[in-house]
Amino acid sequence: MSSIPEQLRLKFDRALVDAFGEELAGTDPLLASTNNPKFGDYQANLAMSLAKRLKQKPRDIAQQIVDRLEVSEICEPPEIAGPGFINLRLKREFLEAQLQKMQGSDRLGIDPTETPQTTVVDFSSPNIAKEMHVGHLRSTIIGDAIARVLEFHGDNVLRLNHVGDWGTQFGMLITYLREAYPDALTQPDALDIGDLVAFYKKAKIRFDEDPEFQETARNTVVKLQSGDTETRQAWELLCDQSRREFQKIYDRLDVQLQERGESFYNEMLPQVVEDLEKQGLVVEDQGAKCVFLEGYKNKEGNPQPLIVQKSDGGYNYATTDLAALRYRIREDGAQRVVYVVDAGQGTHFDQVFQVARRAGWIPEGVEATHVPFGLVQGEDGKKLKTRSGETIRLKDLLDEAVRRARADLEKRLQEEGRQESEEFIENVANVVGLSSVKYADLSQNRTSNYIFSYDKMLSLQGNTAPYLLYAFVRVQGISRKGAIDFENLGEVSMSLQEEPEFVLAKHLLSLSEILDEVASELLPNRLCQYLFELSQKFNQFYDKCPVLQAEEPLRTSRLVLCDLSARTLKLGLSLLGIEVLERM
Ligand code: ARG
């Protein structure tokens, strides 16, 4: 079953063609949800926009459409209002039938798309031997949610981790590895570098103080690039060490990623530059190979170059991204490539996409998009730091969220005089802590900066993970209290009576529109907002309408509303990478 607007769009299309001929096929009916229930549920605004083209008054156009609009199964008779709005009110029987279908489907009545796309989601992408910082955490959380939504949508998703595992810094790191851990290569299993970030800092100090070290480091870069076996091994060793650290975070967050780091594209770089040259896009400027960009000027007002090969023969971050984009489209068959990377890299992606487009590497119909996000700030509005002013390690940040969730829980248990096992406490604290971090991030419009506040994200009130988890728990409570097996409610015939039931029913049935929207606009906060409103509407319904105490057939019908609310929450949260709890 397709979303309600989707079903209505088909009806409008038929009416339009019928009234004004084939040329109008595919015209967007400009459907919008009405913000005032007085005008029904949806409003179609196309009559106004067709006036010029059809040389008729909007109200007359609206009338001709309405005369041919066959929506009697879905809506009450349409009404024309104001200059030519067509107002539609969903019929009770239709809502009831839709809910019944939704209940009988394990995808809640949402079919996978008929036009699946191969989509690359490039996300997380930390750098070897450098801090995996909160920016990477944001990318990991947002990228994972986007990938999950697209997977559910039916797309063929490739989750790629574009790890920064190549570059001149490895000369320094390998030289230091040999110096500080001479046995590393012969006994790699015994190697425990520990904190690679600290390792990086020490290597940097050696590099800065000792010209001989610098010389060795530079030679090591050359050896690494030419594929010298031992140097390669040392590089592998460092990558493995980092990889293990990253993996711990991914496991905790339940994030799947396929690593395809920058080094993967290394061998393709000369060809990329050569192909750009063949197309006449490359200009040599002081020994460097450049593509001059359209629409970018430097301070003097001259065209700005994108350097694709430096004068020393080395390649840049951008060259690798050009190779990666081309590979993803040609070899992976991607029709859509999305980059979940901080907003600060907007210019970089814009330039890379421009050059790739001019080179003809992004064919018609293929989309390359930067999905930017803002900074994570401390409660003082400045960059998130520890009290002593250092960057926060992700592990510590997650631990702290879990620790606080546990403290909140223990306090609540005490107040309520509840006894729970250690296993229960640990699990609830873990789920609440981690989902709060995820949800706080996802519920913001990703393009803005967001203020990291443990207190806000862990609150049981407001648009938070605990509030949503609690709504789910409430339904589980109903099932326990009434000994209800939601999976076997028997013969169900829906019956909507009270206003809160209608409000909840309509909201439940709009999930598929929201998911379509998130899949196209890549804004997970839309899904968060939907789930938040669902929890509110469920709570209002549950406060106003007796469920277990109601008479049949109302009782079963209301139980279905409870069940659908819980299943929708569970599905929606799972698409955000958040698991639910039976009790909390
Ligand atoms: N490693 C980069 C960083 O930490 C992010 C890479 C993003 N992806 C890409 N294809 N450039 O800033």
Side-chain angles (χ1 to χ4, degrees), residues 119-147 157-170 173 196-197 200 235 238-239 242-243 245-247 249-250 255 257-266 268-269 272 306-308 314-332 334 336-357 361-362 366-376 383-384 391-394 441 446-447 449 522:
T119 303
V120 166
V121 184
D122 175 322
F123 71 107
S124 193
S125 310
N127 304 315
I128 300 283
K130 289 203 196 144
E131 193 84 54
M132 183 170 174
H133 53 70
V134 283
H136 296 122
L137 180 69
R138 268 208 107 174
S139 172
T140 307
I141 292 171
I142 298 171
D144 180 52
I146 287 176
V157 179
L158 213 60
R159 300 158 157 260
L160 293 184
N161 199 358
H162 192 80
V163 174
D165 63 355
W166 200 254
T168 45
Q169 77 272 24
F170 280 96
L173 293 168
L196 261 188
V197 177
Y200 188 96
W235 169 75
L238 290 169
C239 291
S242 269
R243 207 169 275 139
E245 290 305 309
F246 298 156
Q247 195 55 46
I249 301 279
Y250 298 142
V255 170
L257 267 161
Q258 182 181 327
E259 182 177 324
R260 204 195 268 168
E262 293 182 15
S263 63
F264 177 86
Y265 305 98
N266 204 32
M268 306 168 200
L269 302 181
V272 163
L306 180 73
I307 300 177
V308 291
Y315 301 96
N316 282 332
Y317 182 52
T319 325
T320 305
D321 260 323
L322 283 167
L325 180 54
R326 181 159 90 153
Y327 187 91
R328 291 162 179 183
I329 294 171
R330 280 195 190 164
E331 308 301 323
D332 297 321
R336 197 178 188 195
V337 187
V338 302
Y339 296 81
V340 187
V341 185
D342 66 273
Q345 297 194 34
T347 310
H348 162 76
F349 285 109
D350 191 53
Q351 297 182 343
V352 166
F353 298 161
Q354 180 192 122
V355 172
R357 207 163 277 123
W361 297 342
I362 309 181
V366 173
E367 175 196 329
T369 327
H370 176 211
V371 174
F373 54 82
L375 302 172
V376 185
K383 210 173 148 195
L384 192 65
T391 40
I392 294 190
R393 291 168 48 191
L394 293 191
D441 193 327
R446 57 172 164 72
T447 52
N449 297 344
L522 310 176

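Note that ligands are numbered from 1 as they come in the structure, with each ligand's atoms numbered from 1 the same way.
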## Note on the structure
In terms of heavy-atom contacts, A356 and L322 come closest through N-CD2, 3.9 Å

## Note on the structure
Correct closest heavy-atom pair for R138 and R446 would be NH1-O, 3.7 Å

Just list the N/O pairs, ligand 1 to protein, that are under 3.5 Å apart, with the distance for each.
residue: ligand 1; atom: 1 (N); partner: S125; partner atom: O; Å: 2.9
residue: ligand 1; atom: 1 (N); partner: N127; partner atom: OD1; Å: 2.7
residue: ligand 1; atom: 4 (O); partner: N127; partner atom: ND2; Å: 3.1
residue: ligand 1; atom: 4 (O); partner: H136; partner atom: NE2; Å: 2.8
residue: ligand 1; atom: 8 (N); partner: D122; partner atom: OD1; Å: 3.2
residue: ligand 1; atom: 10 (N); partner: D122; partner atom: OD2; Å: 2.8
residue: ligand 1; atom: 10 (N); partner: D321; partner atom: OD1; Å: 2.8
residue: ligand 1; atom: 11 (N); partner: Y317; partner atom: OH; Å: 2.8
residue: ligand 1; atom: 11 (N); partner: D321; partner atom: OD1; Å: 3.4
residue: ligand 1; atom: 11 (N); partner: D321; partner atom: OD2; Å: 2.8
residue: ligand 1; atom: 12 (O); partner: Q345; partner atom: NE2; Å: 2.9

### Query
D321 and Y339: side-chain donor and acceptor closer than 3.5 Å?
no

### Message
Under a 3.5 Å distance rule, please check whether T319 uses its side chain to pair with a backbone N or O of V308 as donor and acceptor.
### Response
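Side chain of T319 to backbone of V308: a pair is present.
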
### Task
For R330, enumerate each residue passing the side-chain hydrogen bond (donor to acceptor under 3.5 Å, both in side chains) test, keeping only those at least two apart in sequence or located in another chain.
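Partners of R330 under the side-chain hydrogen bond (donor to acceptor under 3.5 Å, both in side chains) test: none.
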
### Query
Quick one: are L269 and T320 in side-chain contact, heavy atoms under 4.5 Å?
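The answer is yes, as the side chains (C-beta and beyond) meet within the 4.5 Å cut-off.
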
